[in-house]
Q: 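Okay, handing you the structure first.
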Amino acid sequence: MGIRRILALVALLASVVACTSAEPSASASAAATGRGPAALPRGIEKLVGPADQDVRLQAYVEQVGQRVATAAGVGGFSFVVLDSPVANAHAVQSYVFVTRGLLALLENEAELAAAVGHELGHLVQRHAAQRARARQGVLDAAIGAAAASGSVTVGRAVAQDGLLALRRYSREQELEADRLGLGYIVKAGYRGDAMASLIERLRRQGSLEAQIMGESPDVSDRPSAASTHPVPMERTSAIAGLPLANAPGETNEKGYFAAIDGMSVDDSPREGFIRGRTFLHPTMRLAFTAPPGFRLLNDSDGVLAVNRDRSLMLFACLSTSIAGPLDDWMRNKLKPTPTNIQTLEINGNEAAIGARPRGSDTGLGQARYIVIRDGNRVCNFALVSEGANQDRQIDEMVRAARTFHTLTPAEAGALRPYRLRIVSPAGSTPAQLAARMPYPDLKMERLLVLNAAQTPAELASRAQIKIIEP
C-alpha cells in the first residue's frame, strides 16, 4: 500500500479515534511533562517534541552547531538533540534540531555539521517566513479570482496552480539551504563532500523504510510535482557542481563515534517500545500484539499498525477516566453512534466493542471501536479494513486487540531501550554481526544502512562499526 494511501487512512483513523478520545492521550500528556536539564520552552516542545536528556550528547551537538554558526557569521542560535528515533533535522525560530535517529545514521562529525548547516541556512534566509507570505499570497489570489469570476471552480484552479508553484519555491529553498550549508561547513574546517554524503545517508534510510513498509526501495527517488523537497539525486547533482563540493577538511569520525556510543536508538520509555509485532509500555505497564503481516509505528499520539492490504489499527489511551459502564459511554457519547455494541472482558479488563455504521461518508468496508478499562484509565482501538478480505481481516484485528494485557512490575522493569554500540568487527563475519541486530527482518540491510556500507565485505574491512544491541 502506498505511503500516501497510508497517510490518508491515518488521517481518517485520527478522526475515528477523536470520536472516542476528546481528551489528550496519556502518552502525549506524559511527553509534555518530561522536562529536565535540556527542557525546551513549552510552545516549542509542543511543536517538535521533548529534548533528549543526555547532557553529554547535547553539549557535543551544541559545540558542533556553534562552530558552524561562527563560520556563518551568525549568533543567537541553539542546537538541540530531540528525543526521537526518527532520522530528521529541522529549525524553528532560533533553534536547530537534530534527532537521535539522525545521529545514529551519520558517520562522522562533518555530516552532523552539514545537517546543522543546512538548517541554519533556512533560518538565516528566513525561508519559513517567506513560505508563509507566499502561501498567503496564493490564498489571496484564489479568493480574488473566485470573487471576480463568481466561480468557486476558478478560485480552486488558481489555488491549485499557486500551491504547485509554492512547492517548486520550497524545493528551490532546499537547494539554497544546501548551498549555504556547504559554504558554512567548509569555512568551519569540515570536508565539503559531507553535504552530499549526508543526503545519501537520508536517501538510503528512506529506501530502507520503504522496504520495511513493503514498498519499492526507489520510492524516494521518484520526482513529484507535489513534493516540497527535491529528490536526493537532484540535490546531490546540484551540490556536485559547486566549487566547494570536494573541499578538503576534517571529519572527526573518532570523536563522533565516541559521542554517540551507547546512545538510545529506541523510542523514549514514556512512549513505549516496539518489539516485532508487539507494543510494550514500561511506565503504563501494558502491551498488545498486532496480527501477522502488520508493521507497528509509534508516536506520542498513539500506536499505528499498518498492513499492506489497507488494514490499520490505531491504539491510544485517554488521560481521564470514564465513569459508568463502557458500553453505555460508547452508546451515549460516540457520534455517529456505533452499531452492535457489546460488552466483553479482555484479560480481566472491562471492555466494549461497536461497529462504525457503514455509509458513503466513510468510504470504508469495515470499522470497529474497542474501549478497554485499564485501572483508572481507558484505552481504545480503532480498527479499519478495506478490500476483498475485509471481513477476515477485521476479525483478526479484533483478536489482536484482545491480546491487550497488563504487564507485571517485573516485566515492565525488564524493558530497556535498544542502544547503539561502537564495536570492532574483528573476529565476526558480516552475517554474525547482522544476526546481532535485534529486529525481526532485514537485519543485513539495516546494518549496511546504519554503517553507510554498500556490501557486507565492506564492514569486515573497518576498524569500528555501529551496531544496535538490546
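Keep in mind that what you see is a predicted model, and the values were worked out from it rather than measured.
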Q: Do Glu445 and Leu448 make a side-chain contact, defined as non-hydrogen atoms from C-beta onward lying under 4.5 Å apart?
A: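 With C-beta onward as the side chain, the pair stays apart.
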Q: Whether Glu250 and Arg191 form a salt bridge (side-chain N of Lys/Arg under 4.0 Å from carboxylate O of Asp/Glu) is what I want to check.
A: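 Judged by the 4.0 Å cut-off on N to carboxylate O distance, Arg191 and Glu250 do not form a salt bridge.
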Q: Please list all pairs passing the ring-ring contact (aromatic ring centres under 6.0 Å, His included) test where one or both residues lie in residues 430-470, with sequence neighbours left out.
A: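 Non-adjacent pairs meeting ring-ring contact (aromatic ring centres under 6.0 Å, His included): Tyr418-Tyr439.
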Q: Examine distances only and state if a side-chain atom of Arg100 and a backbone atom of Ser264 form a donor-acceptor pair shorter than 3.5 Å.
A: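 Checking the backbone N and O of Ser264 against the side chain of Arg100, a donor-acceptor pair under 3.5 Å is found.
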Q: Ignoring hydrogens and geometry, is there a side-chain-to-backbone donor-acceptor pair from Asn307 to Leu312 under 3.5 Å?
A: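 Side chain of Asn307 to backbone of Leu312: no pair is present.
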Q: Give me the ring orientation class for Phe77 and Phe79: parallel if the planes are under 30° apart, tilted from 30 to 60°, perpendicular past 60°.
A: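 Tilted: the ring planes of Phe77 and Phe79 meet at 30° to 60°.
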Q: Can a salt bridge be assigned to the pair Glu107 and Lys466 using a cut-off of 4.0 Å between side-chain N and carboxylate O?
A: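 Result for this pair is yes, salt bridge flagged.
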Q: Do Phe288 and Phe381 have ring centroids that are under 6.0 Å from one another?
A: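 Ring-ring flag for Phe381/Phe288: true, centres closer than 6.0 Å.
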Q: Kindly say whether Arg203 contributes a backbone atom to a donor-acceptor pair with the side chain of Ser207 at under 3.5 angstrom?
A: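 Yes: the side chain of Ser207 pairs with the backbone of Arg203.
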Q: Any donor and acceptor pair, going by atom type alone, linking the side chain of Gln393 with main-chain N or O of Asp309 inside 3.5 Å?
A: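 Checking the backbone N and O of Asp309 against the side chain of Gln393, no donor-acceptor pair under 3.5 Å is found.
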Q: Counting N and O atoms only, with roles assigned by atom type, does the side chain of Thr403 sit under 3.5 Å from a partner on the main chain of Ala400, one being a donor and the other an acceptor?
A: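 Yes.
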Q: Indicate yes or no: at least one non-hydrogen side-chain atom of Asn380 is less than 4.5 angstrom from one of Ile372.
A: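 No - every pair of side-chain heavy atoms lies 4.5 Å or more apart.
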Q: Run the numbers on Thr283 and His281 for side-chain hydrogen bond (donor to acceptor under 3.5 Å, both in side chains), then give the verdict.
A: CA-CA 6 Å; Thr283 58; His281 203 297; 3.1 Å; yes
Q: Who are the side chain to side chain contact (heavy atoms under 4.5 Å, CB included) partners of Ile465, not counting sequence neighbours?
A: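 Ile465: side chain to side chain contact (heavy atoms under 4.5 Å, CB included) contacts with Val423, Pro425, Leu433, Asn451, Leu459, Arg462.
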Q: Looking at side-chain heavy atoms only, is the closest gap between Val449 and Leu447 below 4.5 Å?
A: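 A side-chain contact is absent here, since even the closest heavy-atom pair is not under 4.5 Å.
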Q: Considering only heavy atoms from C-beta outward, does the side chain of Pro417 approach that of Asp267 to under 4.5 Å?
A: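 Not in contact.
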Q: Indicate yes or no for a side-chain donor-acceptor contact from Arg416 to the backbone of Gly413 under 3.5 Å, with no hydrogens or angles considered.
A: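 Checking the backbone N and O of Gly413 against the side chain of Arg416, a donor-acceptor pair under 3.5 Å is found.
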Q: Run the side-chain hydrogen bond (donor to acceptor under 3.5 Å, both in side chains) test on Asp193 and Asn246 for me, step by step, so that the C-alpha distance in whole Å, both residues' side-chain angles and the decisive distance to 0.1 Å come before the verdict.
A: CA-CA 5 Å; Asp193 61 4; Asn246 294 299; over 6 Å; no
Q: Could you give me the CA-CA distance, side-chain angles and deciding distance for Leu82 and Asp52, then say whether side chain to side chain contact (heavy atoms under 4.5 Å, CB included) is met?
A: CA-CA 5 Å; Leu82 293 179; Asp52 189 81; over 6 Å; no
Q: Starting from the C-alpha separation in whole Å, work towards a yes-or-no answer on side chain to side chain contact (heavy atoms under 4.5 Å, CB included) for Asp441 and Arg446.
A: CA-CA 9 Å; Asp441 57 5; Arg446 293 175 193 262; 3.0 Å; yes
Q: Between Glu119 and Val116 (side chain of the first, backbone of the second, donor and acceptor by atom type, cut-off under 3.5 Å), is there such a pair?
A: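 Not confirmed, Glu119 side chain does not pair with Val116 backbone.
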Q: Short question: side chain of Thr99, backbone of Val86 - any donor-acceptor pair under 3.5 Å?
A: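 Yes; at least one donor-acceptor contact below 3.5 Å.
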Q: Do the side chain of Gln125 and the main chain of His122 share a donor and acceptor less than 3.5 angstrom apart?
A: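 No: the side chain of Gln125 does not pair with the backbone of His122.
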Q: Picking from Val64, Leu106, Ile422, what satisfies side chain to side chain contact (heavy atoms under 4.5 Å, CB included) with Tyr256?
A: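 Of the listed options, the one satisfying the test is Leu106.
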Q: Salt bridge check: are Arg275 and Asp266 linked by an N-O gap of less than 4.0 Å?
A: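 Yes, charged N to carboxylate O under 4.0 Å.
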Q: Using side-chain heavy atoms (C-beta onward) and a distance below 4.5 Å, is Gln432 in contact with Thr429?
A: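 Yes; the side chains approach each other to less than 4.5 Å.
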Q: Give the intermediate values and the outcome of side-chain hydrogen bond (donor to acceptor under 3.5 Å, both in side chains) for residues Gln66 and Glu62.
A: CA-CA 6 Å; Gln66 293 301 340; Glu62 174 72 12; 2.7 Å; yes
Q: Could you check whether any side-chain heavy atom of Tyr60 comes within less than 4.5 Å of a side-chain heavy atom of Val81, counting everything from C-beta outward?
A: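 A side-chain contact is absent here, since even the closest heavy-atom pair is not under 4.5 Å.
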Q: Could you walk me through whether Cys379 and Leu286 pass the side chain to side chain contact (heavy atoms under 4.5 Å, CB included) check?
A: CA-CA 10 Å; Cys379 300; Leu286 56 82; 4.2 Å; yes
Q: Assess whether a salt bridge exists between Glu176 and Arg179, defined as any Lys/Arg side-chain N lying under 4.0 Å from an Asp/Glu carboxylate O.
A: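 Salt bridge absent between Glu176 and Arg179.
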Q: Sequence neighbours left out, what passes salt bridge (charged side-chain N to carboxylate O under 4.0 Å, His left out) with Arg419? Give chain and number order.
A: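 Testing Arg419 for salt bridge (charged side-chain N to carboxylate O under 4.0 Å, His left out), a comparison that skips the adjacent residues, returns none.
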Q: Just by distance, do the side chain of Asn252 and the backbone of Gly255 share a donor-acceptor pair under 3.5 Å?
A: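 Looks like yes, one N/O pair under 3.5 Å.
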Q: Do Arg308's NZ or CZ and the ring of Phe294 fall within the cation-pi criteria of under 6.0 Å and 45°?
A: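 Checked: cation-pi criterion not met.
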Q: Measure the shortest side-chain to side-chain distance between Leu112 and Val98 over non-hydrogen atoms and say whether it is less than 4.5 angstrom.
A: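 Leu112 reaches Val98 side chain to side chain.
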Q: Check step by step if side chain to side chain contact (heavy atoms under 4.5 Å, CB included) holds for Arg67 and Glu109.
A: CA-CA 11 Å; Arg67 176 175 168 178; Glu109 187 175 299; 3.7 Å; yes
Q: So do the side chains of Asp83 and Gln53 get within less than 4.5 Å of each other, counting heavy atoms only?
A: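 When only atoms from C-beta onward are counted, Gln53 and Asp83 do not touch, as no gap falls below 4.5 Å.
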